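Worksheet: one structure, shown below.
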2 protein chains.
Amino acid sequence: MTDAGTATDVGAGTGRAASPRERYRAQVCAEIKQHARQQIATAGASALSLNAIAKRMGLSGPALYRYFAGRDALLTELIADAYRSLADTFRAAAATAEPGAGGVVALADALRAWALADPQRYFLIYGTPVPGYHAPEEITAIAAEIMEVLLDTFDGVPDGPPPGATGADPDADPDADPNAALDADPDTDLHTHLAAHRQWAGDHPAPPRTLRRALTYWTRLHGVLSLEVAGHFEGMGFDPERLYTAEVKSLLPA
Amino acid sequence: MTDAGTATDVGAGTGRAASPRERYRAQVCAEIKQHARQQIATAGASALSLNAIAKRMGLSGPALYRYFAGRDALLTELIADAYRSLADTFRAAAATAEPGAGGVVALADALRAWALADPQRYFLIYGTPVPGYHAPEEITAIAAEIMEVLLDTFDGVPDGPPPGATGADPDADPDADPNAALDADPDTDLHTHLAAHRQWAGDHPAPPRTLRRALTYWTRLHGVLSLEVAGHFEGMGFDPERLYTAEVKSLLPA
DNA sequence: CTGTCTTGTTAGAACTTCTAGCGAAGACGA
DNA sequence: TCGTCTTCGCTAGAAGTTCTAACAAGACAG
């Protein structure tokens, strides 16, 4: 009795080789998810229909319930896949980049490319959540991994401009002294606050300013990216990529 | 023959007084939308059901089609309402704030309060879009108004640190010279690029650096806010508000 | 070969959106 | 006051969805 349990753990995980039946099951699962992804990409997650997928696969409606407990289960699996996919590209980007500031730039580039390659996949993670939903432990673990890669990469970067006074901008007004503001109270607070609640970073041992810089990097990237991918810059004429790279540079040494 | 047309233009707009019938219609419309909002707030937009609303109002299913052409029409109306609501709070915040840097802070505070007051309303605008959707002209007009308020308010602010080297942070590393990076090429590009494509700002006459600062302000605010409201900071222990105010200050003079 | 386990099937309940057509009740002009 | 005209709410019903239940037929292990 498989009971449409976790449909993913078929091949790997268990030590023994996959039986032909298991391989078949895994393949059908993959095909279902493939169709689901395509459906989501073209009409959004709310248009995901098990029935339509079944028909397109030459199966009859309820057959899919042998593979997924229901529509929500399939969607949850796709979300988990999206998280895994992002974690993988992040790890890959961090691994291939040369050490130093290039690493975090590579991460930013990878994030944007990943998001633009499949906007709806981005929204599976960062889009509208259902009100009561709380992510299962499996997913929060992957999210933590992603943050860890970011923190690790940032930890190897020589200090750029601090998040308050943040990096590349030619428009340094001679009258305004960027450093004047750097001793404002709230920001010291933020440093110590983030360092004190290090749990968000999985108790990453990075120094406070790195914690803060990485987190701010993350939010600034998503600030541009989420608006761009959602189409809020559409018809505005300018190139979102330039805004993005500017924000990337805002936290990096020249 | 009303044909479930634009259900909103009942009272105002036309010069003559509203007939009792028109007032009744407007009231029913409002009640429908009220139920819809509540339903969305508790279960998300995908759970919006005309049938359920009708039942809860003591009406029978198809009666609602006298007021809205369909589910999508109702949702579109709610989205437009959300835009109008944000534009209103923005205008109010800009109007009551004292001139100077306090204005943009008031805008940021208003934005966050508005978002937290009803997260699903925030997502109606900034959440997952349906792939093919293009906003009608009515909505892009409101969006432009919102940007205009932001730009107007920013235009009255004395220059803070430029977006590259951006404001309040105590962690100014003595070794890193924030100004060193300020002449990097890409950023000059961005200034001129944004100024050249001024259409995104409704041809707002603000100087290039103001355009850039306002736009970056906007993305940074949404960067923190969207992640927070979507629950991505949940269980992380730190206080998102501090991150938010830090980003607010990042573009403001001390 | 036999029994179990897995898969796909159909039937059907309970939903949903949305259309068609009927009847009643209010608004308005003569 | 009367008749007409518009608007409104209803029921019936088509087409779609998710998902359950019971059944038939294949594949695998002993």
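The chains referred to below are lettered A, B, ... by the order of the sequence lines, with proteins before strands, and numbering in each begins at 1. Note that the coordinates shown come from a computational prediction; the quantities given were computed from them, not determined experimentally.
Look at CG on Asp72(A): it is 12 Å from C1' on dC19(D), rounded to the nearest Å. Between the P atom of dT6(D) and the CD atom of Glu22(B) lies a distance of 15 Å, rounded to the nearest Å. Distance Leu74(A) CG to dC19(D) C1': 14 Å, rounded to the nearest Å. Remark: P of dA11(C) and OH of Tyr65(A) are 18 Å apart, rounded to the nearest angstrom. Protein atom CZ of Arg23(B) is 17 Å distant from nucleotide atom P of dT7(D), rounded to whole Å. Taking atom CG on Leu50(B) and atom P on dC18(C), their separation rounds to 6 Å, with Å as the unit.
Distances shown here put every side-chain N or O of Tyr24(B) at or beyond 4.0 Å from the OP1 or OP2 atom of dC8(D). Remark: Asn51(A) is in phosphate contact with dT18(D), judged by side-chain N or O atoms under 4.0 Å from OP1 or OP2. Taking side-chain N and O atoms only, Ser49(B) has a distance below 4.0 Å to OP1 or OP2 of dT17(C).
The stretch residues 118-145 of chain A participates, sequence neighbours left out, in these salt bridge (charged side-chain N to carboxylate O under 4.0 Å, His left out) pairs: Arg84(A)-Glu138(A), Arg91(A)-Glu145(A). Sequence neighbours left out, not one pair with a member in residues 38-51 of chain B passes side-chain hydrogen bond (donor to acceptor under 3.5 Å, both in side chains).
Scanning for ring pair (Phe, Tyr, Trp, His ring centres under 6.0 Å) contacts around Trp114(A) gives an empty result, with sequence neighbours left out. Asp152(B) meets the side chain to side chain contact (heavy atoms under 4.5 Å, CB included) test with Glu148(B), His204(B); sequence neighbours excluded. Shown here are the salt bridge (Lys or Arg N to Asp or Glu O under 4.0 Å) partners of Arg71(B), two or more places apart in sequence or in another chain: there are none. Listed by chain and number, the residues in a ring pair (Phe, Tyr, Trp, His ring centres under 6.0 Å) with His193(A) are His197(A) (sequence neighbours excluded). Residues passing the side chain to side chain donor-acceptor pair (under 3.5 Å) test with Gln120(A), sequence neighbours excluded: none. Every residue meeting the ring pair (Phe, Tyr, Trp, His ring centres under 6.0 Å) condition with Tyr217(B), not counting sequence neighbours, appears here in chain and number order: Phe154(B).
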*Which parts of nucleotides 24-30 of chain C does protein reach within less than 4.0 Å, heavy atoms only, written one letter per nucleotide 5' to 3' as B for base, S for sugar-phosphate only and - for none?*
-BBS---
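Side chain of Trp200(A) to backbone of Phe233(B): no donor-acceptor contact under 3.5 angstrom is found. Between the side chain of Arg220(A) and the backbone N or O of Leu251(A), no donor-acceptor pair lies under 3.5 Å.
Near-neighbour residues of DNA chain D inside residues 52-60 of chain B, defined by a heavy atom below 4.0 Å, number-ordered: Gly58(B), Leu59(B), Ser60(B). Taken residue by residue, residues 35-46 of chain B places no heavy atom nearer than 4.0 Å to DNA chain D.
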Using a 3.5 Å cut-off and no angle test, enumerate the donor-acceptor pairs between side-chain atoms of residues 122-135 of chain A and protein atoms at least two apart in sequence or in another chain.
{"unit_1": "Tyr122(A)", "atom_1": "OH", "unit_2": "His222(A)", "atom_2": "ND1", "d": "2.8"}
{"unit_1": "Thr128(A)", "atom_1": "OG1", "unit_2": "Thr128(B)", "atom_2": "N", "d": "2.9"}

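Here the side chains of Phe238(B) and Gln199(A) are not in contact, with every heavy-atom distance at 4.5 Å or above.
Relative to the side chain of Arg71(B), the nucleotides dA20(C), dT17(C), dC8(D) differ in distance, and dT17(C) lies closest. When distances run from any side-chain atom of Arg66(A) to the nucleotides dG8(C), dC8(D), dC19(D), the shortest one goes to dG8(C). When distances run from any side-chain atom of Arg25(B) to the nucleotides dC8(D), dC19(D), dG9(D), the shortest one goes to dC8(D).
Within the nucleic acid shown, Ala63(B) comes within 4.0 Å of sugar-phosphate atoms alone, with no base atom in reach, counting heavy atoms only.
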